[in-house]
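Keep in mind that the numbers below use all heavy atoms, side chains included, and drop hydrogens, waters and symmetry copies. Just follow the structure's listing: the first ligand is 1, and inside any ligand the first atom is 1. Values in this document were obtained by computation on a predicted structure and should not be read as measured data.
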Amino acid sequence: MAGFSYLDDVLTSDGVRLDTVATAVGTPFYVYSAHVIRQRFRDLETGLAGVPHAIHYALKANSTLAIVRLLRDLGADVDANSIGEIDVALRAGYQAGQIVFTGVGKAPSELARAVPLGLKAINAESPGELERIDAIARASGTRARVALRVNPDVDAGSHPHISTGLRRNKFGVALEQALPIIREAARRPGLRFVGLHTHIGSQMTTLEPITRAITLLAALARTVIAEGIPLEHLDVGGGLGISYDGSGTPDLQAYATAVRHATADLGLSLIVEPGRSLTAPAGALIASIVDVKHHPGGRRFVVLDAGMTELLRPALYGAFHRIQPVVRDDRAPATCDVVGPVCESSDTFGTDRQLPDPRVGDLVAVMDVGAYGAVMASNYNRRPLPAEVMVDGDAWRVVRRRQRIDDLLALEE
Ligand SMILES: *Cc1c(COP(=O)(O)O)cnc(C)c1O
């Protein structure tokens, strides 16, 4: 029983009843299926078999230790977007040589710590950053392995807030600026220039932008190599979307095939940095209905004990997430707006949704929250971060306990 499915009309994760888990841990909570993560990682592994590659899981999608350790055990490496994520990776048992460090604004303190670690690569964003990395490396008597993030001016076709590969976006250096920057970096004594990097956006639902960006990056790599600057790898980023609403999206194997074709004959090792595509479908947010309100004109609001504080994506990007009852019965479906408890009208998970005649106390599941769910949660309204539960086989366990008010106040005078 893989993933989320109904068994005797009760929603289960890998066969574990989620109403039972809710009784034990309270709501709201996130639940993750280890099985789904394993399956998705192996799909990508299989698709890339035969070409030298490394799968660097993008920690920012979900860096709960239990998930990071699960992926490490599967053979994943990591992409970190901050020194905090690097620390999490090290504590999860990763070696520095398994970590690439990305980020549009790496603070001096982050570089001062990251450079001497000897990471697999620091994906530099600008000539200024390369210069700063060089200075730190020389001062500490090391040579930092660096790649350059290139912005290929390719439209990812996803929501503007999560498109990163257009000229107007803040990320990387423009393709036509790259060559002189690479030549200079290759001459710096504190740097070892090892690769090229791109990442044009997230939640891409077609492969065309990805292959276009990779093809441009591969052409640049050929030019760089022809100039006598040897490269080790091509890092093609992440960004493969998932189907939040049931419409078709390319699967991980199709993605892998497209990546392989776009880089064929290059002779470089490939790095991919998937985040969402590995973990999003593996997670659900389980919440309780705390109120049902009928407004004049017929709108019915179903208020949950979870909202934008537990899942920001609908408020931030107007993102769609399926919402399902945890217990199915024969109550007639009703049309309702499913909302959170926070004092913001954007705190809405879905409008005009169908739920079986909702009642206070019912459990609902918000689906596909395994990526960009828990990591974007906040304490707004002094709401404690929810518990996180991992289901593995027929067992489940709390992998992060619910925050308490004491945790929130621990840092205050
Ligand atoms: C966010 C990010 C990723 C992962 O993106 P997904 O859409 O979750 O696959 C990969 N690489 C970089 C540099 C990122 O910033």
Sole candidate of R38, H35, R397 that passes side chain to side chain donor-acceptor pair (under 3.5 Å) when paired with D392: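 Passing option: R38.
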Those protein residues which place at least one heavy atom below 4.0 Å from ligand 1: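 For ligand 1, the residues that come within the 4.0 Å heavy-atom cutoff are A58, K60, D79, N81, T102, H197, H199, S202, G238, G239, E273, P274, G275, R276, Y372.
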Output field: ring centroids F171/H199 closer than 6.0 Å: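 Centroid distance F171-H199: not below 6.0 Å, so no.
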Pairs involving residues 66-77, ordered by first then second residue, that meet side-chain hydrogen bond (donor to acceptor under 3.5 Å, both in side chains) (sequence neighbours left out):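 Qualifying pairs: D77-Q98.
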Side-chain donor-acceptor contacts of residues 338-349 below 3.5 Å, not counting sequence neighbours, with atom names and distances?
residue, atom, partner, partner atom, Å
E344, OE2, Y380, OH, 3.0
D347, OD1, M308, N, 2.6
D347, OD2, V342, N, 2.7
T348, OG1, S345, O, 3.1

Pairing residues for R299 by the side-chain hydrogen bond (donor to acceptor under 3.5 Å, both in side chains) criterion, not counting sequence neighbours: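 For R299, the residues satisfying side-chain hydrogen bond (donor to acceptor under 3.5 Å, both in side chains) (neighbours in sequence not counted) are D337, D352.
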Cationic tip of R328 above Y6 ring, under 6.0 Å, 45° of axis: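 Yes - R328 lies over the ring of Y6, closer than 6.0 Å to its centre and within 45° of its axis.
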